[in-house]
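Here is the structure we will look at, set down as structure tokens.
Every heavy atom of this structure was used, including side-chain atoms; hydrogens, water molecules and symmetry mates were not. Owing to the predicted nature of the structure, the values given are computational and were not obtained by experimental measurement.
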Amino acid sequence: MAEKYFQSPRLTELRDGDRFIVDAWFKYSRDGEHQRAPKVVVTLQTDVPLPEIPMWPRSDDAGPTGPNAVDAAGNRYEIYARQGSLAIRERLAEGTRDRYPLWSLPLPDLPDEDVFAYVDAFRGTGEFFRGRVDREDRSDPNCVFVVSALTEKHAVGRMVSWASDTQDDYLEYVEARKTDEAAFPNDYAFHFVENLDGFLDAFEVEGRLALSSFEVRIPRKQLPETAAAGSLIVGSSFWVNVKNGLEITSVATAGIAGNVLLHPLETYLPHRERDRPSMIRRAHGGPELATIQDWLKEAARAKAKLDPDEILLAVLPKDRDASRYESSHVLAFGSRGAVFFEYEGEWLESIAGGDPDPGLWMYRNARPWSHRSYEGEYDSGIEGDWEPATLEDVVFFGNDPVDLGNELAESYEGADYAASVEAGTFLEDLMRLSREACLPSPEIVKA
């Protein structure tokens, strides 16, 4: 699995006394006498803040008096500057060898073997590696779940996230959208929470963590066979589907980071205070976790998959003297289905680029397409079936015909239909245009 951007080790964020992991070392030999050194947990010892180590020229501060790390056996790993960044070299009786950091985020206070299992779960590596790795995105946060019980087919439990990313972000969102909802991106999770006013009831805060009030079901076949009650499941990403009326959460590259029946949950999600959180590290200083609102958004997407992929579109007519290179002005007044769940704006641009006929339309059976040429050029868009919209379609998506007619009239900037706008019949004329485009019979027109 490609390492997530927020997991990339950053030695400059460490302070004296912080623990981190030095990765395993391997040197190939043609005669088969390969040399190996295992990964190891070390503790940083430094009087010099690591960000203050000069990067150019090469620093020779490493040594008995410079920054170094020590493992449980007393072996020393010197920290020094190399090629503009911090590097590690292990001091041996016969010389030195270069080593590399594996994990610099906070580590649980557990025996080394348990720490390695914890890190393997977050990195999606180790003995158990199963799941739709193609879904994994380096920018996706890890998803974490605590198993409370096992059924024949599912592990049942609760989702875990940082309270600051769940409760605090919600309060910020509610306050900010009073003045400027556009400040948040279109795919922002809170836009898709069905019961926004009741969101605080969707989770419980325990210290720095938030646990979902609702149960999450994960297929057991996606989990290691050792999964049991209390297991802390960590995945690289998740998605939700509705099956037989139940919301089922699938987890990619699921691993077990520990068991909350052996140690408290907060032991496995340690916290590191930092005065200045970076663009990549949040204030909690730990690994990025998917939030409760992320799950609610994916549950809403799962429900949307059960509906037809269709959208009510108004294509405003262009004047007769308009340039043939001018794109159509396309407006949406309601949609359903997974295709338009969060990408409505992007798809409208694609539809407008196809220069559709003016009118009021139902765009049904929508489906994205993509193509990559032999030369490597990539193109994508959307296709569907154009069908003249009716007043029933207008009302189905929650529109009042009179209000919709007024909104369309205000959006029209041409001159050819100025009389229709003035007379208040612009909506009726758009519906007529779509029907006429389908003559001699108003059948579905393939896009």
Side-chain angles (χ1 to χ4, degrees), residues 4-7 13 18 104-110 118-119 121-122 139-148 156-178 183-185 187-216 218 230-238 240 249 251 257-300:
K4 296 173 181 293
Y5 73 98
F6 53 81
Q7 290 180 353
E13 296 185 351
D18 286 345
S104 62
L105 292 173
L107 292 171
D109 187 13
L110 298 170
Y118 166 89
V119 171
F122 273 94
S139 63
D140 282 351
N142 287 105
C143 52
V144 177
F145 308 89
V146 175
V147 176
S148 55
V156 181
R158 302 167 70 186
M159 188 176 191
V160 182
S161 69
W162 297 108
S164 58
D165 293 346
T166 298
Q167 178 174 262
D168 295 356
D169 283 10
Y170 167 75
L171 297 175
E172 177 185 338
Y173 173 77
V174 170
E175 187 62 30
R177 79 188 197 118
K178 293 178 181 178
F184 298 91
D187 61 350
Y188 198 62
F190 282 118
H191 292 330
F192 304 90
V193 175
E194 295 179 354
N195 182 18
L196 189 62
D197 293 336
F199 176 71
L200 292 177
D201 296 328
F203 63 93
E204 300 173 0
V205 174
E206 295 185 7
R208 297 184 303 270
L209 303 174
L211 283 78
S212 65
S213 302
F214 52 83
E215 290 185 335
V216 174
I218 305 172
S231 290
L232 188 67
I233 304 298
V234 179
S236 60
S237 62
F238 77 96
V240 181
T249 303
V251 179
N259 192 298
V260 299
L261 299 182
L262 301 178
H263 303 282
L265 176 60
E266 288 204 352
T267 299
Y268 296 105
L269 292 166
H271 179 74
R272 180 183 291 159
E273 294 285 354
R274 286 292 178 258
D275 295 333
R276 296 169 54 191
S278 68
M279 292 287 291
I280 294 177
R281 308 280 199 243
R282 297 293 292 269
H284 50 68
E288 288 296 301
L289 304 183
T291 61
I292 306 301
Q293 59 267 29
D294 289 335
W295 189 93
L296 293 174
K297 174 185 174 180
E298 292 308 309

Item to check | Residue pair F238, V240: steps toward the side chain to side chain contact (heavy atoms under 4.5 Å, CB included) verdict | outcome: CA-CA 7 Å; F238 77 96; V240 181; 4.2 Å; yes

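- Residues V160 and F145 form no side-chain contact, since every pair of their non-hydrogen atoms from C-beta on lies 4.5 Å or further apart.
- Within a 6.0 Å sphere centred on CD of E266, other residues, nucleotides and ligands contribute more than 12 heavy atoms.
- Atom CG of D168 has more than 12 neighbouring heavy atoms from other residues, nucleotides or ligands inside a 6.0 Å radius.
- For the residue pair Y118 and P287, the shortest heavy atom distance occurs at OH-CG, 4.3 Å.
- Here CZ of R158 is found 9.5 Å from CG of L265. Values are rounded to the nearest 0.5 Å.
- Remark: the backbone N or O of G235 is paired with a side-chain donor or acceptor of N142 at under 3.5 angstrom.
- A donor and an acceptor atom, one from each side chain of W295 and T249, are located under 3.5 Å apart.
- Smallest separation of non-hydrogen atoms from S237 and C143: O-SG, 3.5 Å.
- Looking only at distances, no side-chain donor or acceptor of S231 sits under 3.5 Å from a matching main-chain atom of I233.
- When all heavy atoms of P108 and P270 are compared, the pair lying nearest together is N-CG, 3.8 Å.
- Interatomic distance, CD1 of I218 versus CE of M159, reported as 9.5 Å (0.5 Å rounding).
- Distance check, rounded to the nearest 0.5 Å: CG of L211 to CZ of F203 gives 11.0 Å.
- Smallest separation of non-hydrogen atoms from V234 and A121: CG1-O, 3.6 Å.
- Remark: F122 CZ to L289 CG distance equals 6.0 Å, nearest 0.5 Å.
- The distance from the CG atom of L232 to the CG atom of L262 is 11.5 Å, given to the nearest 0.5 Å.
- Between the side chain of Q293 and the backbone N or O of D165, at least one donor-acceptor pair lies under 3.5 Å.
- Considering all non-hydrogen atoms of both residues, V216 and S212 come closest at CG2-OG, 4.5 Å.
- Counting heavy atoms from C-beta on, the side chains of F199 and L171 never come closer than 4.5 Å.
- When each of T166, T291, D169 is checked for a side-chain hydrogen bond (donor to acceptor under 3.5 Å, both in side chains) with S161, only T166 meets the rule.
- Separating the CD1 atom in I292 from the CZ atom in F214 is a distance of 5.0 Å, to the nearest 0.5 Å.
- Applying the side chain to side chain donor-acceptor pair (under 3.5 Å) rule to E215 yields no partners; only residues at least two apart in sequence or on another chain are considered.
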Item to check | Worked check of side chain to side chain contact (heavy atoms under 4.5 Å, CB included) between Y173 and L196 | outcome: CA-CA 10 Å; Y173 173 77; L196 189 62; 3.7 Å; yes

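- Ring orientation note: the planes of H191 and Y188 are nearly perpendicular, at an angle over 60° on the 30°/60° scale.
- Side-chain atoms of S213 come within 3.5 Å of backbone atoms of D201 as a donor-acceptor pair (strictly under, hydrogens ignored).
- Note on ring orientation: taking the six-membered ring where Trp is involved, the planes of Y170 and F190 are tilted (angle from 30° to 60°).
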